[in-house]
Protein chains: 2
Amino acid sequence: MDNTEAVTCLAALAHDQRLAIFRLLVRQGPSGLPAGEIAEAVDATPTGASFHLKELDRAGLIHATRVGRYIRYAVHFDKVRQMLTFLTEDCCQGNPELCGPTLKKARKLCKGETK
Amino acid sequence: MDNTEAVTCLAALAHDQRLAIFRLLVRQGPSGLPAGEIAEAVDATPTGASFHLKELDRAGLIHATRVGRYIRYAVHFDKVRQMLTFLTEDCCQGNPELCGPTLKKARKLCKGETK
DNA sequence: TAAACATTACAAGAATTCTTGAAATATACA
DNA sequence: TGTATATTTCAAGAATTCTTGTAATGTTTA
């Protein structure tokens with residue numbers, strides 16, 4: 001992940017309805033939800049929801065799968081981890097205890113390390 | 001942290017120079033850096049840097065302290081943790097193993113829990 | 001107090017993003 | 001095949017944010 005890619009992700013999340021959609025899908029897990037249900041849940045028009053879902057998709061934070069006449073959207077969890085990692089990379093010049101004892105561990109776990 | 005507050009944080013970070021400034025300050029740790037040094041590091045004009053620092057400050061992600069004729073900026077790490085936590089809250093309906101085994105642990109650590 | 005330095009405030013044009021509705025596309029079902 | 005459902009595409013006006021330069025503020029040092 002580079003700076004530009006991260007800005008794209010953050011901009012995608014920096015919108016009231018899109019953030020609500022993202023968090024809804026995070027809660028939902030890998031199975032995701034169809035567009036219509038998402039639109040209803042965040043009180044968006046079908047057109048508006050489609051626009052916002054496309055933005056999140058374009059950023060790589062979610063992905064779409066057609067299932068019959070529905071299109072289901074689900075979070076791309078790997079991408080989310082990459083983004084969270086990027087934000088706190090190399091914190092405190094390698095002395096993360098300076099900003100609270102837990103951030104480095106959190107960062108490691110976000111990267112997929114298990115200890 | 002609520003949706004609106006998180007959107008403000010994310011919008012503050014969703015800009016090339018502001019993200020570069022944020023990551024620079026994350027690396028720097030609690031001591032922070034003066035505005036002039038920040039501007040130089042990210043290749044911004046003094047006016048531009050000031051504008052962007054104000055945005056990050058307004059979002060609560062950094063804070064300013066005057067030291068003599070300099071104004072030092074440093075990351076507000078608690079706020080960062082709150083934001084990261086908010087993004088992944090209640091993932092996978094309480095079964096975070098569904099989105100990779102490490103996300104729940106990372107989230108807990110971001111919240112300040114130690115195990 | 002005067003001069004120099006660091007930083008911010010203000011203003012206005014440029015660029016981007018958001019919103020909305022109508023029409024188009026794709027699939028399912030009778 | 002024809003109709004209903006789910007979702008997207010397109011277009012255009014509205015709103016917001018970005019950028020840049022100039023002037024103003026507060027602080028230090030001589």
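Atoms considered below: every heavy atom in the structure, side chains included; atoms not considered: hydrogens, waters and symmetry mates.
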- May I have the distance from B:Ile21 (atom CD1) to C:dT7 (atom C1'), rounded to whole angstrom? 14 Å
- When the distance from CZ of B:Phe51 to C1' of C:dA15 is rounded to whole Å, what number comes out? 13 Å
- Please check if the side chain of B:Arg27 supplies one atom and the backbone of A:Glu89 the other of a donor-acceptor pair under 3.5 Å. no
- Message: Looking at A:His52, I'd like to know whether one of its side-chain N or O atoms comes within less than 4.0 Å of OP1 or OP2 on C:dT17.
- Response: no
- Task: Report the distance from atom CG of A:Leu19 to atom C1' of C:dC18, rounded to the nearest whole Å.
- Result: 16 Å
- Query: Nearest to the side chain of A:Lys54 - D:dT27, D:dT9, D:dC18?
  - Reply: D:dT9
- Here the distance between atom P of D:dT8 and atom CD1 of A:Ile71, to the nearest Å, is 5 Å
- Short side-chain to backbone donor-acceptor contact, A:His52 and A:Arg18, under 3.5 Å: no
- Query: Could you give the CD1-to-C1' distance, from B:Ile38 to C:dA6, as a whole number of Å?
  - Reply: 12 Å
- Item | Selection from D:dT27, C:dT19, D:dT7 that lies nearest to any side-chain heavy atom of B:Arg69 | D:dT27
- Query: A:Ala11 or A:Arg66: which one's nearest nucleotide on DNA chain C is closer to the 5' end?
  - Reply: A:Ala11
- Query: Once you round it to whole Å, what is the distance between C1' of C:dT8 and CG of B:Asp57?
  - Reply: 12 Å
- Message: Assess whether a salt bridge exists between B:Glu5 and B:Lys79, defined as any Lys/Arg side-chain N lying under 4.0 Å from an Asp/Glu carboxylate O.
- Response: yes
- Hey, does A:Arg18 reach any base, or is it just sugar-phosphate, or nothing, if we go heavy atoms under 4.0 Å? sugar-phosphate
- Message: Assuming nearest nucleotide by heavy-atom distance, tell me which of A:Glu37 and B:Val67 is located more 5' along DNA chain D.
- Response: A:Glu37
- Note on the structure: Closest to the side chain of A:Ala35, out of C:dA28, C:dT7, D:dT8, is D:dT8
- Item | Lys/Arg-Asp/Glu bridge criterion (N-O < 4.0 Å) met for B:Arg81, B:Asp78 | yes
- Do the side-chain N or O atoms of B:Tyr73 get closer than 4.0 angstrom to the phosphate oxygens (OP1, OP2) of C:dT8? yes
- Could you state the OH-P distance from B:Tyr70 to D:dT25, rounded to the nearest angstrom? 23 Å
- Query: Taking atom P of C:dT17 as reference, at what distance in whole Å does atom NE2 of B:His15 sit?
  - Reply: 11 Å
- Can you tell if the side chain of B:Leu33 reaches within under 4.5 Å of the side chain of B:Leu25, non-hydrogen atoms only? yes
- Message: On the side chain of A:Thr47, is there an atom forming a donor-acceptor pair with the base of C:dA22 - under 3.5 Å, no angle test?
- Response: yes
